[in-house]
Protein chains: 2
Amino acid sequence: MYQQLKNIEIFKSLSDDSLHEFAKHAQDINYPKGTILIRADRVEPHFYVLQSGIARAYSDGENQQITFWFGESGNVLFSFNSYINNKPGYENIELLEDCRLIQIKLADLFSLYNGNTEIANWGRKMAEQELIATERRLIDRSFKGAAERYQEFVNQSPALLKRVALKHIASYLGVTQVTLSRIRAGK
Amino acid sequence: MYQQLKNIEIFKSLSDDSLHEFAKHAQDINYPKGTILIRADRVEPHFYVLQSGIARAYSDGENQQITFWFGESGNVLFSFNSYINNKPGYENIELLEDCRLIQIKLADLFSLYNGNTEIANWGRKMAEQELIATERRLIDRSFKGAAERYQEFVNQSPALLKRVALKHIASYLGVTQVTLSRIRAGK
DNA sequence: TCCATTTTTTAACAAATGTAAAAGGATGCT
DNA sequence: AGCATCCTTTTACATTTGTTAAAAAATGGA
């Protein structure tokens, strides 16, 4: 497990000691395509790292479903509200392909945070990077038109474009599927 | 300074020891209304806590300015990209009233993070709370119409409504000032 | 108070996006 | 292969929001 973690980008900033600590609590696990790994109405007691496959996080509304995050190999994956506030969250996470995951209990992760300064700072930086990326997306919604946001998605995530249904990409970009079709048709 | 920090909500989860550590590096500072405290094109070497007054963060585009954050008494205030990546950021921060601030050098904050597990976890939680709030706003842009977003702003931030120019609130909500006027007129 | 400046509202029109429904494609299962 | 299901595109129309310009209202200083 130590060797496995060592090859994951997000762990590369950690010392060997911290990585061994992580490895003690980490499990390798597989789930098939279509699995709803995390449900909005439950407290999810695990934290995951995607090793292969892709996933999406979405929120259910009255008559629509909003996809607001995609995860690829190497990304961390958890229920924000479980992780941060120990409450049921607003997001579901669905595996869009068969996935191989690292699984760690939140309780174990938190004791690592409390007992190891390096890991606490690792967790801090992880949250900060997500924060800055999310804020950029929020700002881009005001600055850029839907066509431009689509072009950026194509440039930055060509792999996702091929593997994810367009209806999910549409809601990720903040438009309806009809609008995305229009953009793609170049009209 | 220790007594002063002790009364700020965001520091209340810290032990006395950690608070004394903070106090060693904290300074009390005042700036007048209109000050551009943080500029997008510079690395900002400080981290601030607002003690009184209000502020906004905004990003400049070609022909518009997007306000994406408001700060009130008790909020932390920093340049994300300076703080997180040590690079010039995308945001300016303007003081909308005379403000009293706590100022701490980022270099000092980072050494606190690296030397004190409790403070590292405090910083982690701070980033996590901002993250969850930002993500909610992003999701709400898709789920809710502009009129509903305005109503929520009115309910959640009545103080800001009175003290901030409507043009800034409009861009915070992701609409033009004309649209916000229409919403307010109930049309 | 008066004036200049800034902010907010209103109006008319244009553009972008949403909605609903239908048709065409693609996919997966038996 | 054939069928059912789901995804994507297209069309027509409605609605929302943006743009530009002007007027009204508020603000701040001399």
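In the text below, chain A, chain B and the rest are named by the order of the sequence lines, each starting its count at 1.
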Q: Pick the nucleotide of DNA chain D nearest each of B/K33 and B/A147; which residue has the one closer to the 5' end?
A: B/A147
Q: Rounding to an integer number of Å, can you tell me how far B/L166 CG sits from D/dA26 P?
A: 12 Å
Q: So does B/E135 get a backbone contact from the side chain of A/T134, meaning a donor-acceptor N/O pair under 3.5 Å?
A: no
Q: Want to settle it: does A/V178 or A/G145 sit nearer the 5' end of DNA chain C, counting the closest nucleotide to each?
A: A/G145
Q: Expressed in angstrom and rounded to an integer, what is the separation of B/L96 atom CG from C/dT7 atom P?
A: 11 Å
Q: Grab the NZ-P distance between B/K162 and D/dA26 for me, whole Å please.
A: 17 Å
Q: Would a hydrophobic clustering, with Ile, Leu, Val, Met, Phe, Trp and Tyr connected at side-chain separations under 4.5 Å, put A/L95 with A/V164?
A: no
Q: Please give, in whole Å, the distance from D/dT10 P to A/K167 NZ?
A: 19 Å
Q: For the side chain of A/D140 and the backbone of A/R149, is there at least one donor-acceptor N/O pair under 3.5 Å apart?
A: no
Q: Hey, does the side chain of B/T176 come within less than 4.0 Å of D/dG18's phosphate (OP1/OP2), counting only N and O?
A: yes
Q: Given atom CG of B/L180 and atom P of C/dT7, what is their separation to the nearest angstrom?
A: 14 Å
Q: Report the residue from A/F68, A/Y58, A/W69, A/F70 that forms a ring pair (Phe, Tyr, Trp, His ring centres under 6.0 Å) with A/Y172.
A: A/F70
Q: How many whole angstroms separate atom NE2 of A/H168 from atom C1' of D/dT8?
A: 13 Å
Q: Could you tell me how far apart B/R163 (CZ) and D/dT27 (C1') are, to the nearest whole angstrom?
A: 18 Å
Q: Name the closest nucleotide to the A/A146 side chain, picking from C/dT7, D/dT10, C/dT17.
A: C/dT17
Q: Less than 4.0 angstrom between a side-chain N/O of B/R184 and OP1 or OP2 of C/dT8, yes or no?
A: no
Q: Does B/S181 have a side-chain nitrogen or oxygen under 4.0 Å from the phosphate oxygens OP1 or OP2 of C/dT8?
A: no
Q: Roughly how far apart are A/I84 CD1 and B/K125 NZ, rounded to 0.5 Å?
A: 11.5 Å
Q: Tell me the interatomic distance from A/Q177, atom CD, to C/dA21, atom P, rounded to whole angstroms.
A: 16 Å
